[in-house]
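All values below were derived from every heavy atom in this structure, side-chain atoms included, with hydrogens, water molecules and symmetry-related copies excluded.
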Amino acid sequence: EIERVVTEEIGKALDAAEAGAAVAVRIDGRTLYFNFGWADRAERRSVTSDSLFNLGSLSKLFDVTLLSLAVQRGDIALDDPVAKYVRELQRGRDIRAVTLDQLITFTSGFSVVADNPPWWPAVHYELPKFLRCLRDWRIDKDFARGRQYLYSHAGFLLLHVALERRF
């Protein structure tokens with residue numbers, strides 16, 4: 001039953017003829033491994049339980065978990081503006097209206113160069129430069145904040161800073 005559910009869910013997200021995934025499920029003291037697709041399609045090497053993967057975006061899970069626990073405890077609210085915790089942004093332009101909820105749902109409208117392919121641009125941010133960029137940021141006039149999706153890894157970096165400042 002577990003294999004059926006995992007296979008069904010992976011099938012919704014992955015074309016195993018093109019890519020690969022490894023899934024580990026811990027249940028009743030046992031760990032079950034399920035492998036799908038290619039570890040290296042060019043070399044025709046299938047995914048195995050020993051395949052290594054980059055764990056991109058893993059920190060997002062920790063940030064959202066911390067945020068969820070903090071909301072549940074009443075320490076923070078999803079509709080809090082990020083500038084409440086990152087004081088350097090209180091004199092910013094459009095960033096002042098961005099909420100924690102909008103950061104985790106990718107509905108803030110905020111995006112920087114590093115959020116777009118090729119993913120590793122020549123522009124690198126240290127915190128002061130990142131905060132200056134945020135203060136000057138203007139939302140696209142046609143963006144429906146809170147309702148429209150726009151991926152932003154930088155938004156999660158900002159969430160991380162806000163949580164770090166709060167806790």
Fill in: Mutual orientation of the aromatic rings belonging to F156 and F106 [parallel < 30°, tilted 30-60°, perpendicular > 60°]
tilted
Worksheet entry | Nearest non-hydrogen partners of G155 and S152, listed with the distance | N-OG, 2.8 Å
Worksheet entry | Pairs involving residues 18-33, ordered by first then second residue, that meet side chain to side chain donor-acceptor pair (under 3.5 Å) (sequence neighbours left out) | E18-R41, R26-T31
Worksheet item: Given side chains that start at C-beta, do those of L163 and L67 come closer than 4.5 Å, heavy atoms only?
Response: yes
Worksheet entry | Check: L131 and L89 side chains under 4.5 Å, non-hydrogen atoms | yes
Worksheet item: Counting only heavy atoms not in Q72, do more than 12 fall under 6.0 Å of its CD?
Response: no
Worksheet item: Which pair of non-hydrogen atoms, one from V82 and one from I95, has the smallest distance, and what is that distance?
Response: CG1-O, 4.2 Å
Worksheet entry | Min side-chain heavy-atom separation F110-I139 under 4.5 Å | no
Item to complete: Answer with yes or no whether the hydrophobic clustering places L69 together with F62; edges join I, L, V, M, F, W, Y residues whose side-chain heavy atoms lie under 4.5 Å apart.
Response: no
Worksheet, complete the sentence: What one should report as the nearest heavy-atom pair of D136 and R93 is O-CD, 3.8 Å
Worksheet item: Can you find a heavy atom in the side chain of L32 that is under 4.5 Å from one in the side chain of F34?
Response: yes
Discussion item. Any salt bridge linking E9 with K12? Criterion: basic side-chain nitrogen under 4.0 Å from a carboxylate oxygen.
Written reply: yes
Discussion item. I'd like to know if the side chain of S51 pairs up with that of N35 as donor and acceptor (distance under 3.5 Å, no hydrogens or angles considered).
Written reply: no
Item to complete: State, to 0.1 Å, how close A70 and I76 come at their nearest heavy-atom pair, and which atoms those are.
Response: CB-CG2, 3.3 Å
Item to complete: Answer yes or no: is there a side-chain heavy-atom contact under 4.5 Å between V25 and V23?
Response: yes
Discussion item. Looking at every heavy atom in both F36 and V47, which two are closest together, and how far apart are they?
Written reply: O-CG2, 3.3 Å
Worksheet item: Got a sec, which residues hit ring pair (Phe, Tyr, Trp, His ring centres under 6.0 Å) with Y85, two or more places apart in sequence or on another chain?
Response: none
Practice prompt. Taking the side chain as every heavy atom from C-beta outward, state whether D75 and R166 have any atom pair closer than 4.5 Å.
Written response: yes
Worksheet item: Do R44 and W38 have side chains that get closer than 4.5 Å, going by heavy atoms?
Response: yes
Worksheet item: Near E3 CD, under 6.0 Å, is it more than 12 heavy atoms from other residues, nucleotides or ligands?
Response: no
Discussion item. Using every non-hydrogen atom in the two residues, find where L100 and A162 come nearest and quote the distance to one decimal.
Written reply: CD2-CB, 4.2 Å
Practice prompt. Tell me, with the steps shown, if R4 and E1 meet salt bridge (Lys or Arg N to Asp or Glu O under 4.0 Å).
Written response: CA-CA 5 Å; R4 183 191 64 72; E1 175 64 11; 2.7 Å; yes
Worksheet item: If two hydrophobic side chains count as joined below 4.5 Å and joins carry through other members, does I27 share a cluster with I10?
Response: yes
Discussion item. Would you say K60 and H153 are linked by a side-chain donor-acceptor pair, where the criterion is simply a distance under 3.5 Å?
Written reply: yes
Practice prompt. State plainly whether one hydrophobic cluster holds both L159 and F167, where clusters connect Ile, Leu, Val, Met, Phe, Trp and Tyr through side-chain heavy atoms under 4.5 angstrom apart.
Written response: yes
Discussion item. Consider side-chain hydrogen bond (donor to acceptor under 3.5 Å, both in side chains). Of R165, R132, R135, which one does E88 pass it with?
Written reply: R165
